[in-house]
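We count residues from 1, following the sequence as given. Remember, predicted model here, so these are calculated numbers, not experimental data.
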Amino acid sequence: MSSPDPQVRAARNKSTSPPPRGPVVAVTGAASGVGALLTERLAASEEVKQVVAIDERRGECAEAEWHILDVRDPAIADRLRGADVVVHLALDLDLETDAAARTAYNVRGAQTVLTAAAAAGVHRVVLCTSTMVYGALPDNELPLSEDAELRATAEATGVGDLLEVERLARRAPRAHPGLNVTVVRPAVLVGGTDTALTRYFESPRLLVVAGSRPAWQFCHVDDLCSALEYAVLEKVDGELAVGCDGWLEQEEVEELSGIRRMELPSAVALGAAARLHRIGLTPSPAGDLAYTMYPWVVSGSRLHDAGWRPAHTNEEVLAQLLDEVSGRHTVAGRRLGRKDATAAGAAGATVALLGAAAVVRRARKARRRI
């Protein structure tokens with residue numbers, strides 16, 4: 001009997017061979033936000049063998065193996081055994097969270113996950129911070145290189161925590177030989193997010209500090225998830241910036257949004273922001289304003305070199321952001337109630353800021369009487 005044709009043999013062998021074994025991936029913060037989206041994406045991927053989902057509550061992805069615990073619990077090491085990759089997304093950057101509690105959670109969580117991953121034999125950890133760690137400075141190049149120095153300070157919401165996570169990421173491979181750490185830094189994240197920068201677009205007027213040169217680069221959450229998947233599948237590593245290609249100048253943002261600007265001198269804007277935050281009227285510290293004043297656009301060359309491309313443009317993501325915040329009203333980072341919002345809409349941001357200043361004066365007088 002003649003032997004089968006070589007092409008027939010190859011087809012038979014292919015049909016009977018087991019599917020390629022992808023990595024087992026653990027995702028922290030898997031029940032909500034970016035963590036939930038990434039968990040669903042990885043669970044549906046033919047290149048991923050299994051997803052282990054870790055959070056303080058169970059999420060909706062039925063295909064994942066769920067473990068309910070706090071990421072600061074050292075017992076997480078037992079849950080990570082057998083995983084090839086860990087994506088750590090359990091970060092609290094909520095504007096309303098107490099700053100000290102937020103830092104304790106974010107820093108201790110990242111430290112515990114890195115240590116536990118090394119103890120469990122995981123070979124890669126993917127951390128997510130932000131391009132905010134580069135800092136918003138008047139002498140920043142447009143765009144910055146991904147290798148640019150991290151010049152941010154801890155004065156903006158959560159940035160001090162992210163800088164500490166970055167420090168832990170750089171130290172981890174030295175402390176735990178064999179552990180690869182990849183850091184993904186998204187630009188202004190849009191898609192169900194609530195940050196000081198997304199709230200900027202909820203204002204009746206866009207605050208522009210005189211003499212500043214803002215440049216806006218956005219990142220859609222779907223693009224962040226696809227970039228994280230690239231890192232999970234080891235298509236790229238190192239320190240990666242992710243966002244839309246290019247950037248928008250302030251004038252373009254105003255034209256696209258239809259929201260007019262309100263220009264203030266630097267001393268007035270920064271001084272008012274600092275006072276309002278100090279007495280607890282607004283959640284945003286004055287440091288947040290720098291990110292609306294100066295450029296912090298970053299080139300995503302490493303992802304591009306690996307073949308990744310964003311699916312969204314800055315214009316498209318800004319349009320989605322404006323749709324998401326429609327009907328919300330914020331002044332100086334503080335969400336206004338319906339009554340306040342009506343007044344702000346009718347009188348404009350100038351009146352709203354004057355009202356805020358009046359509240360500051362009243363608070364000062366009240367303290368003097370005590």
Practice prompt. Under the side chain to side chain contact (heavy atoms under 4.5 Å, CB included) rule, what do L206 and Q250 come out as? Steps first, then yes or no, please.
Written response: CA-CA 9 Å; L206 297 179; Q250 183 70 22; 4.0 Å; yes
Practice prompt. Verify, without hydrogens or angle tests, whether D223 (side chain) and P310 (backbone) share a donor-acceptor contact under 3.5 angstrom.
Written response: no
Discussion item. I need the minimum non-hydrogen distance between A77 and A120, along with the two atoms involved.
Written reply: O-CB, 3.5 Å
Fill in: Which residues share a side chain to side chain donor-acceptor pair (under 3.5 Å) with T131, sequence neighbours left out
none
Worksheet item: Going by an N to O cut-off under 4.0 Å, is there a salt bridge joining E146 and R185?
Response: no
Discussion item. Please say yes or no: joined through hydrophobic side-chain contacts below 4.5 Å, possibly via intermediate residues, are V85 and V125 part of one cluster?
Written reply: no
Worksheet item: Hey, are the side chains of L318 and N314 touching, using non-hydrogen atoms and a 4.5 Å cut-off?
Response: no
Discussion item. Does any part of the side chain of V34, heavy atoms only, come nearer than 4.5 Å to the side chain of C225, both counted from C-beta?
Written reply: yes
Worksheet item: Considering residues at least two apart in sequence or located in another chain, which fulfil the side chain to side chain donor-acceptor pair (under 3.5 Å) criterion with D305?
Response: none
Practice prompt. Show the numbers, then the answer: is there a side chain to side chain contact (heavy atoms under 4.5 Å, CB included) between E254 and V208?
Written response: CA-CA 11 Å; E254 292 168 20; V208 176; 3.8 Å; yes
Practice prompt. Verify the distance criterion only: is there a donor paired with an acceptor across the side chains of D245 and H304 at less than 3.5 Å?
Written response: yes
Worksheet entry | Between Q320 and E324, a side-chain donor and acceptor under 3.5 Å | yes
Worksheet item: Taking a hydrophobic cluster as the set of Ile, Leu, Val, Met, Phe, Trp and Tyr residues connected by side-chain heavy atoms closer than 4.5 Å, whether directly or through intermediates, do V221 and V27 fall within one such cluster?
Response: yes
Discussion item. Taking ring-ring contact (aromatic ring centres under 6.0 Å, His included) as the definition, give me every residue that meets it alongside H220, ordered by chain and number, with sequence neighbours left out.
Written reply: H312
Fill in: Check ion pair R124-D84 (N to O, under 4.0 angstrom)
no
Discussion item. For a 4.5 angstrom cut-off between non-hydrogen side-chain atoms, does R213 reach L142?
Written reply: yes
Worksheet item: Are R302 and E239 close enough for a salt bridge, meaning some N to O gap below 4.0 Å?
Response: no
Worksheet item: At their closest point, which heavy atom of M293 faces which heavy atom of S212, and how far apart are they?
Response: O-CB, 3.1 Å
Worksheet item: Is any side-chain N of the basic residue among R151 and E149 closer than 4.0 Å to the acidic one's carboxylate O?
Response: no
